[in-house]
Amino acid sequence: MRDGDRLPETLDASARKLAAKRINERVKLLANLLNSLGIGVIGAGVIVPGVHDPTRITLQTLAWIATGLVLHLLAQSVLAFMRSED
C-alpha cells in the first residue's frame with residue numbers, strides 16, 4: 001500500500017474519502033480476480049474432463065471444485081477489507 005492510500009487522522013475529509021475510494025477499488029479488483037480464478041478452476045476441472053467422459057466424476061474433479069469454491073470464499077473474505085467512504 002502506498003503512503004497516499006493510508007488513512008491518517010490528519011487528512012481532511014475529502015482526502016480521506018479519496019484514499020478510501022482508492023483502497024476500495026483495489027480491494028474490489030482483488031476480489032474480482034480471485035472470483036474469476038475460482039470460476040476458471042471449476043471450469044477447467046469440471047468441464048474439460050466432462051467433455052472427455054461425461055459419466056465419470058473422479059476425486060480429482062471434486063478437488064478442482066473444492067479449490068474453486070475456496071477461491072470464491074477467499075474473494076468474499078477480501079471484501080471485508082473495504083473502508084468506509086464517509
Can you tell me how far apart [atom1] ([X]) and [atom2] ([Y]) are? Round to the nearest 0.5 Å.
| X | Y | atom1 | atom2 | value |
| --- | --- | --- | --- | --- |
| His72 | Leu37 | NE2 | CG | 13.5 Å |
| Leu29 | Asn24 | CG | CG | 11.0 Å |
| Ile39 | Leu71 | CD1 | CG | 10.5 Å |
| Thr61 | Ile47 | OG1 | CD1 | 11.5 Å |

Nearest non-hydrogen partners of [X] and [Y], listed with the distance:
| X | Y | result |
| --- | --- | --- |
| Glu85 | Lys17 | O-CG, 3.3 Å |
| Trp64 | Val41 | CE3-CG1, 3.3 Å |
| Val48 | Ala44 | CB-O, 3.4 Å |
| Gly45 | Pro49 | O-CG, 3.2 Å |
| Ala20 | Ser84 | CB-O, 3.5 Å |
| Asn35 | Ala75 | N-CB, 3.8 Å |

Hydrophobic cluster membership, with links at side-chain heavy-atom distances under 4.5 Å among I/L/V/M/F/W/Y: are Met82 and Leu34 in one?
yes

Hydrophobic cluster identity match, Leu79 and Ile23, side-chain contacts under 4.5 Å
yes

Applying side chain to side chain donor-acceptor pair (under 3.5 Å) to Lys28 and not counting sequence neighbours gives Glu25

Any non-hydrogen side-chain atom of Val27 less than 4.5 Å from a side-chain atom of Leu30?
no

Would one find more than 12 heavy atoms of other residues, nucleotides or ligands at under 6.0 Å from atom CD1 of Ile57?
no

